Amino acid sequence: QSQFTCDHQCNGPDKWNHANSNCGGKYQSPINIVTRKTLTDERLTPFQFNNYQQIFRGTIKNNGHTVVVGVPHLSTISGGGLPSTYKAVQFHLHWGKNGGPGSEHTIDGEQYPMELHIVHMKSQYDDLTTALADQEGVAVLGFFYEKSNSANRKYDPIINSLRSIKATNSNTSLLSVSLTQLIPSEQNLTAYYRYKGSLTTPGCTEAVIWTLFENPIPLSMDQLRAFSELKFHDGNPMVETFRPVQPLNGRQVFRSGS
Ligand code: SG4
Ligand code: ZN
């Protein structure tokens with residue numbers, strides 16, 4: 001575990017089940033997805049993204065673990081084999097060191113440079129704590145990033161904000177963002193993986209329906225590197241903000257029909 005800074009090493013993922021017994025549970029996230037062991041499920045139809053194009057003014061915060069942006073609850077998802085409508089709560093990212101491996105989930109052992117998590121809760125709930133008491137209360141949409149030769153201009157507002165939030169607990173406003181601007185276009189979101197797991201940080205609650213989209217989001221090397229300029233609470237570079245993959249323990253991973 002020598003790649004972890006002290007922030008992780010002294011209090012890292014391998015110590016979490018002492019902090020919270022859920023973290024030693026049987027249905028933990030992230031996982032490695034072995035594509036030849038996935039089962040196609042025709043019920044995993046395309047998602048309906050409602051109000052994802054809504055432009056909002058958000059606050060981007062360095063919370064000491066990642067950067068997080070609260071999202072107005074007007075954006076919802078349904079379809080996609082989900083048991084209900086879920087509303088967006090926040091998004092955050094997991095990344096590596098200077099553009100190196102950094103995603104939480106891996107596909108056939110491949111770790112991508114970064115992973116976006118858009119966290120949703122069942123629309124009937126008012127807060128995440130309540131949603132986490134329901135085994136299907138939370139749905140996280142996960143998106144991988146890939147290195148590209150040109151900058152992804154749709155990410156300028158986020159990347160440009162990072163220089164103002166290098167310190168833990170600092171924040172700045174994002175004047176105009178939308179969820180659609182962050183993710184691939186809808187027709188490129190029909191291929192995805194589905195399994196049941198947990199939050200990837202303590203309390204590691206096993207209440208998450210996970211979706212990982214196959215198509216990655218392109219970012220240039222400079223854009224990816226910008227995240228490594230952020231700092232943990234102890235002043236060390238905020239790098240390798242991912243939890244290692246967890247055992248499947250017999251869970252089946254499904255693949256969408258299209
Ligand atoms: C990150 O630490 C976020 O900052 C947390 O969000 C998030 O917790 C946590 O990851 C776990 O989420 O999609 N990776 S994950 O399983 O969304 C929640 C905040 O602390 C509950 C706001
Ligand atoms: Zn996450």
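Here the structure is a predicted model, which means the values were calculated and not measured. Numbering of ligands and ligand atoms starts at 1, following listing order.
The existence of a salt bridge linking D134 and K122 is confirmed by a sub-4.0 Å separation between a basic side-chain nitrogen and an acidic carboxylate oxygen. Taking the charged nitrogens against the carboxylate oxygens, E136 and K196 do have a contact shorter than 4.0 Å, which makes a salt bridge. For the pair E206 and K26, the salt-bridge criterion is not met [side-chain N within less than 4.0 Å of a carboxylate O].
Listed by number with element, the atoms of ligand 1 under 4.0 Å from a non-hydrogen atom of E104 are 14 (N). Set against the non-hydrogen atoms of H94, the atoms of ligand 1 under 4.0 Å away are 14 (N). Against a heavy-atom cut-off of under 4.0 Å, T66 is close to the following atoms of ligand 1: 1 (C), 3 (C), 4 (O).
The protein non-hydrogen atom at the shortest distance from atom 21 (C) of ligand 1 is L128 CD1, 3.7 Å. Counting only heavy atoms of the protein, atom 18 (C) of ligand 1 lies nearest to Q90 NE2, 3.7 Å. For atom 2 (O) of ligand 1, the closest non-hydrogen atom on the protein side is T201 CG2, 3.6 Å. For atom 16 (O) of ligand 1, the nearest protein heavy atom (residue, atom name, distance) is T200 N, 2.9 Å. Among all protein heavy atoms, the one lying closest to atom 12 (O) of ligand 1 is H92 CE1, 3.5 Å.
Side-chain contact annotation: R194 with T211, donor-acceptor N/O pair under 3.5 Å present.
Checked options Q28, R243, E104; the residue passing with T200 is E104 (criterion: side chain to side chain donor-acceptor pair (under 3.5 Å)).
Annotation: angle subtended at the Zn ion (ligand 2) by H94 NE2 and H117 ND1 is 100°, to 10°.
Using a 4.0 Å cut-off between heavy atoms, N63 contacts ligand 1 through its side chain alone, with no backbone atom that close.
Using a 4.0 Å cutoff on heavy atoms, W210 counts as a contact of ligand 1.
Annotation: Y195 is in aromatic contact with H105 [ring centroid separation under 6.0 Å]. Ring centroids of F143 and F91 are separated by 6.0 Å or more, keeping the two rings apart. Ring to ring, Y193 and F213 are not that close: their centroids are 6.0 angstrom or more apart.
The Zn ion (ligand 2) sits nearest to atom NE2 when only the N, O or S atoms of H92 are considered.
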